[in-house]
Amino acid sequence: QLRLVESGGGLVQPGGSLRLSCAASGRSLANNAIGWFRQAPGKEREGVSCINHSGEYKQYADSVKGRFTISRDNAKNMVFLQMSSLKPEDTAVYYCVGQDWYGHRCGPPFGSWGQGTQVTVSS
């Protein structure tokens, strides 16, 4: 079973930056696509970004394109989400999760959701 723990969230002003980390345990994440999701108050959980097993392919929600960058270091068993030019609407709990990979796109997530990490963008 792939177990993931998110970290790196916090309070940041609009326009600021944060880097979220996703650390795997239990087994290697090297063979899995990994996605970042977020859930804001009063909203459904939404996909933010996804990266395939090798890091060759990356996907982003339209709302974060050009501002967020997903990356991975399989040797360290970690995936990252660099967030820049943050906006108040980015405020949410962020989760990482393993996902199936179909050709060149992310498929359904699998496994259990963790606690996530809170990102708050506010003045």
Side-chain angles (χ1 to χ4, degrees):
Q1 183 178 1
L2 181 63
R3 298 184 293 273
L4 302 173
V5 178
E6 305 90 345
S7 64
L11 175 65
V12 64
Q13 293 186 344
S17 299
L18 284 173
R19 189 181 76 158
L20 306 184
S21 297
C22 175
S25 63
R27 66 172 177 87
S28 173
L29 53 67
N31 293 327
N32 294 108
I34 301 293
W36 285 96
F37 289 72
R38 67 186 182 186
Q39 187 167 23
K43 295 185 177 181
E44 297 296 318
R45 184 181 287 119
E46 64 174 344
V48 175
S49 184
C50 187
I51 186 169
N52 82 317
H53 75 281
S54 68
E56 181 178 4
Y57 299 104
K58 304 172 183 179
Q59 296 178 347
Y60 300 95
D62 288 342
S63 60
V64 307
K65 286 181 179 177
R67 300 188 299 116
F68 290 11
T69 301
I70 191 170
S71 62
R72 67 191 300 159
D73 187 338
N74 287 341
K76 296 181 178 179
N77 223 21
M78 297 184 72
V79 174
F80 307 97
L81 185 68
Q82 178 67 49
M83 306 184 297
S84 300
S85 301
L86 284 163
K87 305 175 180 179
E89 50 262 46
D90 295 319
T91 296
V93 177
Y94 285 72
Y95 305 86
C96 61
V97 67
Q99 292 184 256
D100 292 328
W101 183 262
Y102 300 146
H104 296 81
R105 68 176 184 87
C106 293
F110 62 86
S112 300
W113 297 95
Q115 295 299 307
T117 185
Q118 175 71 50
V119 172
T120 302
V121 185
S122 176
S123 298

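Nothing here was measured: the structure is a model prediction, and the numbers come from that model.
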- request: Kindly say whether Gly103 contributes a backbone atom to a donor-acceptor pair with the side chain of Trp101 at under 3.5 angstrom?
  value: yes

- prompt: Can a cation-pi geometry be assigned to Arg45 and Tyr95, taking NZ or CZ under 6.0 Å from the six-membered ring centre and within 45° of the ring axis?
  reply: yes

query: Is Arg38 positioned over the aromatic face of Tyr94, cation under 6.0 angstrom from the ring centre and no more than 45 degrees off axis?
result: no

- prompt: Judged by atom type as modelled, is there a donor-acceptor pair below 3.5 Å linking the side chain of Lys58 to the main-chain atoms of Cys50?
  reply: no

- request: Measure from the side-chain N and O atoms of Gln39 to the backbone N and O of Glu44, and report whether any donor-acceptor pair falls under 3.5 Å.
  value: no

Side-chain (Thr117) to main-chain (Gly9) donor-acceptor, under 3.5 angstrom: yes

Where Phe37 and Pro109 come nearest, the two heavy atoms and their spacing: CZ-CG, 4.5 Å

query: Is the CG atom of Asp100 crowded by more than 12 outside heavy atoms at less than 6.0 Å?
result: yes

task: Find the distance between OG (Ser123) and CG (Leu11) and round it off to the nearest 0.5 Å.
output: 9.5 Å

- prompt: Between CD of Gln1 and OG of Ser25, what distance do you get to the nearest 0.5 Å?
  reply: 9.0 Å

message: Assess whether a salt bridge exists between Asp90 and Lys87, defined as any Lys/Arg side-chain N lying under 4.0 Å from an Asp/Glu carboxylate O.
response: no

field: The single option from Asp73, Leu29, Asn74 passing side chain to side chain contact (heavy atoms under 4.5 Å, CB included) against Val79
entry: Leu29

statement: To the nearest 0.5 Å, atom CD of Gln59 lies from atom CG of Asn52 at 9.0 Å

message: In this structure, would Phe80 and Val93 fall into the same cluster of hydrophobic residues linked by side-chain contacts under 4.5 Å?
response: no

- prompt: Just how far is it from atom CD of Gln82 to atom OG of Ser17, taken to the nearest 0.5 Å?
  reply: 6.0 Å

- request: Evaluate the side chain to side chain contact (heavy atoms under 4.5 Å, CB included) criterion for residues Glu6 and Leu20: first the C-alpha distance (whole Å), next the side-chain angles of each, then the deciding distance (0.1 Å), finally the verdict.
  value: CA-CA 7 Å; Glu6 305 90 345; Leu20 306 184; over 6 Å; no

field: Atom pair SG (Cys22) and CD1 (Ile34), whose distance is rounded to the nearest 0.5 Å
entry: 6.0 Å

message: Are Trp36 and Phe68 an aromatic pair, judged by ring center distance below 6.0 Å?
response: no

query: Out of Ile70, Val48, Ile51, which residue meets the side chain to side chain contact (heavy atoms under 4.5 Å, CB included) rule with Tyr60?
result: Ile70

message: Looking at every non-hydrogen atom in both residues, tell me the closest pair between Ser54 and Arg72 and how far apart they are.
response: C-CD, 4.3 Å

message: How close do Gly98 and Leu4 get, counting heavy atoms only, and between which atoms?
response: N-CD1, 3.7 Å

task: Kindly indicate whether the side chain of Ser122, heavy atoms from C-beta on, has any atom under 4.5 Å from the side chain of Gln13.
output: no

- prompt: Considering only heavy atoms from C-beta outward, does the side chain of Arg19 approach that of Leu81 to under 4.5 Å?
  reply: no

query: If every non-hydrogen atom of Thr91 is compared with every non-hydrogen atom of Pro41, which pair is closest and at what distance?
result: O-CD, 4.4 Å

Among His104, Gln99, Arg105, the one residue meeting side chain to side chain contact (heavy atoms under 4.5 Å, CB included) with Tyr102: Arg105

query: Would Met78 and Ser21 satisfy side chain to side chain contact (heavy atoms under 4.5 Å, CB included), going step by step from the backbone distance to the final call?
result: CA-CA 7 Å; Met78 297 184 72; Ser21 297; 3.7 Å; yes

statement: Rounded to the nearest 0.5 Å, the OG atom of Ser112 sits from the CG atom of Leu2 at a distance of 10.5 Å

task: Answer yes or no: is there a donor N or O on one side and an acceptor on the other, between the side chain of Ser85 and the main chain of Gly15, under 3.5 Å?
output: no

field: Hydrophobic cluster membership, Leu18 vs Val121, 4.5 Å side-chain cutoff
entry: yes

message: If only side-chain N and O atoms count, and only distance matters, is there a donor-acceptor pair under 3.5 Å linking Asn32 with Arg27?
response: yes

